[in-house]
Amino acid sequence: MTLVAAGAPRKAFGPAQYAICMQGIIWREALRFIHQRGRFISALVRPLVWLFIFASGFRAVLGISIIPPYQTYVTYDVYITPGLMAMIQLFNGMQSSLSMVYDRETGNMRTLLVSPFPRWYLLTSKLLAGTAVGILQVYTYLAIAYLWGISPDSLWGYLTVFPALVLSGLMLGALGMVLSSLIRQLENFAGVMNFVIFPMFFASSALYPLWQVQEKSPWLATICWFNPFTYAVELIRFAFYEQVDYFSLVIVVGCMVVFLAGAILAYDPARGMLIRRGGAAE
Amino acid sequence: MTLDEKLRRETEAVNVAALEVVGVSHFYGKRKALDDVSFMVEPGSFTVLLGLNGAGKSTLFSLITRLYVTRAGTIRIFGYDVNRHPGEALRRLGVVFQPRTLDLELTVMQNLIYHAALHGIGPGEAKRRARDVLARANLADRASERVRNLSGGYIRRVEIARAFLHRPDLLLLDEATVGLDVKARADIIAQVRSLVASEGIGVLWTTHLIDEIAKTDSVVILHEGKIREKGLATEILARTGAPDMRAAFVKVTGAEVQQGDGP
């Protein structure tokens, strides 16, 4: 039974209601993730294949000279671990965007968009939800990597890497959101794999130090320097060893703000992106 | 706010229309989907928006729910302009969209808790309300069932129950019975009419099916983006001199309608 007259003024939402809304969005994303066991397993298998097979193979022939933040020579599997952490987040960000395209196609996105909370807040909450899921995957990967003998210099590294994971996760998730607004149909998502994920991953410092790339192919090194993913990798790498790479920090935060602003604009009804992407069926 | 002021504002609120659509037009590129559409839904009334597929019903729905922005005309929900005060307007709105919008991976209860959170209602209160609306919709035994396992009729009933969860003042249902069998359709119409009677809220029910209209309903006939007739069903019959609503629809729209494929 309604307790107030129809249409009567209602108490404005306070911080508690905003918190409930964000908590609900994160909770739903976590539930979906738990229900999709295949997604969780494949999210873990991918970096572990790189670590156990690719890195092990290269370990025998490739050592990494002393470059910051490392204090000594490191093996290849140690070097690529931060890159694989960022890779998990990259795939997770794109998976979240895939999930948004799916939600839009199935109509589920409307449930979110007709919420009375501001659109920017709903999208930011959604972004945080995706980032939280990504970070959960990264720490699970790190636990397995620990058993493989890969760990930071001290256990503090697991803690100091957390803020870096939050920022890089937000940046990559926001990029995924922008892409989701540009993808017309679910089938087009394969293009994102070919034109976004793989180029971003391979043209970065995730798999090889950029000074080595510079020696062999200056033009590829230039592309890597313009790739925001490079800075996500370096931010994580330094944070994992309890250091801050301020230049990477600035780039990651800047890109995050730009991508998020782009996503909010793309999902603003006044911009009309939703109309063209199937916001409602006529 | 003093008690007098509160009472005055509540009285004013009761006196405004639940939904007011004034001079709304909408284009897709150069194609005009809606042309100067105006009508009102009174609080506590059951208004049917009747039109063939492609009449512009879903476009209007998307404008009211702010999925699209209204560029020409004004839409107000209990006096709140949807463009200027979207939060206040959407808080008063319960919506059932034509496509299914429940998360198939979650249970019925989880879907309701999620919806409640999107309206700032915490999990404890959400569970209490969810049990209440599910019980009233005779769905109490389905609370822990995964939505994926429900039939189309049950999914629709859950969506309707969900729309009541945050206690809206106005309920919008877009072709809520499409794709359902005769019994499921009858159940859903009965469910909405019964909930509306007990809650006293306004309803805008869009449909292309004439038999969903009751004599006491307000009817708005939309055809090719324009309002062709509006008023109580009995008034429309009297004005058009038609023996039934199907004949009235044909008369005001000039549409050739085959038995079974529309109004």
Side-chain angles (χ1 to χ4, degrees), chain A residues 1-29 31-36 102-119 121-122 125 267-272 274-276 278-282, chain B residues 1 6 9-11 13-14 16 18 28 33 43-44 54 56 58-59 61-62 65-69 77-79 83 86-93 95 97-106 110-111 113-123 126 162 167 169-170 198-202:
Chain A
M1 202 66 168
T2 45
L3 298 175
V4 294
R10 295 185 178 197
K11 199 177 165 192
F13 286 142
Q17 281 74 39
Y18 274 82
I20 286 168
C21 176
M22 182 179 284
Q23 191 186 329
I25 292 171
I26 294 174
W27 172 75
R28 183 229 174 194
E29 198 71 21
L31 277 179
R32 280 179 63 84
F33 183 70
I34 290 165
H35 287 152
Q36 296 170 339
Y102 177 78
D103 277 359
R104 214 176 52 218
E105 284 205 348
T106 58
N108 199 273
M109 178 66 83
R110 295 168 193 224
T111 308
L112 180 76
L113 296 180
V114 298
S115 163
F117 288 96
R119 190 72 55 93
Y121 184 77
L122 296 168
S125 299
Y267 278 91
D268 182 345
R271 307 293 298 178
L274 218 58
I275 297 172
R276 292 193 290 274
E282 169 57 19
Chain B
M1 191 189 305
K6 194 177 175 191
R9 289 181 68 172
E10 290 195 359
T11 309
V14 170
V16 299
Y28 291 107
S58 294
T59 299
F61 217 81
S62 297
T65 53
R66 204 176 167 261
L67 288 176
Y68 297 175
V69 72
I77 296 170
F78 284 95
N83 272 2
E88 286 301 320
L90 292 174
R91 281 180 80 177
R92 287 159 173 78
L93 206 58
V95 189
F97 287 105
Q98 186 176 343
R100 308 285 189 265
T101 56
L102 290 174
D103 191 325
L104 301 178
E105 300 299 327
L106 306 188
Q110 286 168 342
N111 266 286
I113 292 172
Y114 172 59
H115 174 84
L118 293 177
H119 286 79
I121 301 164
R162 181 182 64 170
R167 294 175 180 157
D169 299 320
L170 172 66
S198 63
E199 300 284 337
I201 64 175

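Order of the sequence lines sets the chain letters (A, B, ...), proteins ahead of strands, with each chain counted from 1.
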Worksheet item: Checking Leu102(B) against chain A: side chain, backbone, both or neither under 4.5 Å from a heavy atom?
Response: backbone
Discussion item. Quick check on the interface: out of Glu105(B), Gln110(B), Arg100(B), who has the most heavy-atom pairs with chain A under 4.5 Å?
Written reply: Gln110(B)
Item to complete: Among Pro86(B), Gly120(B), Ala89(B), single out the residue with the greatest number of heavy-atom pairs under 4.5 Å to chain A.
Response: Gly120(B)
Fill in: Note, Thr111(A) side chain near Arg162(B) side chain (heavy atom, < 4.5 Å)
yes
Fill in: Those residues that, when tested against Leu122(A), pass side chain to side chain contact (heavy atoms under 4.5 Å, CB included) (two or more places apart)
Cys21(A), Ile25(A), Leu112(A), Ser115(A), Phe117(A), Leu118(B)
Worksheet item: If you look at every heavy atom in Gly79(B) and Val16(B), which pair is closest and at what distance?
Response: N-CG2, 4.1 Å
Discussion item. Quick check for you: among Leu90(B), Asp103(B), Thr65(B), which has the greatest number of heavy-atom pairs under 4.5 Å with chain A?
Written reply: Asp103(B)
Practice prompt. Against chain B, work out which of Pro116(A), Ala19(A), Gly24(A), Gly14(A) has the most heavy-atom pairs shorter than 4.5 Å and name it.
Written response: Pro116(A)
Practice prompt. Indicate yes or no: at least one non-hydrogen side-chain atom of Ile121(B) is less than 4.5 angstrom from one of Ile20(A).
Written response: no
Worksheet item: Atom CZ in Arg110(A), atom CD in Gln98(B): separation rounded to 0.5 Å?
Response: 8.5 Å
Worksheet item: Which answer fits Phe97(B), side chain, backbone, both or neither, if we ask what part of it has an atom under 4.5 Å from a heavy atom of chain A?
Response: side chain
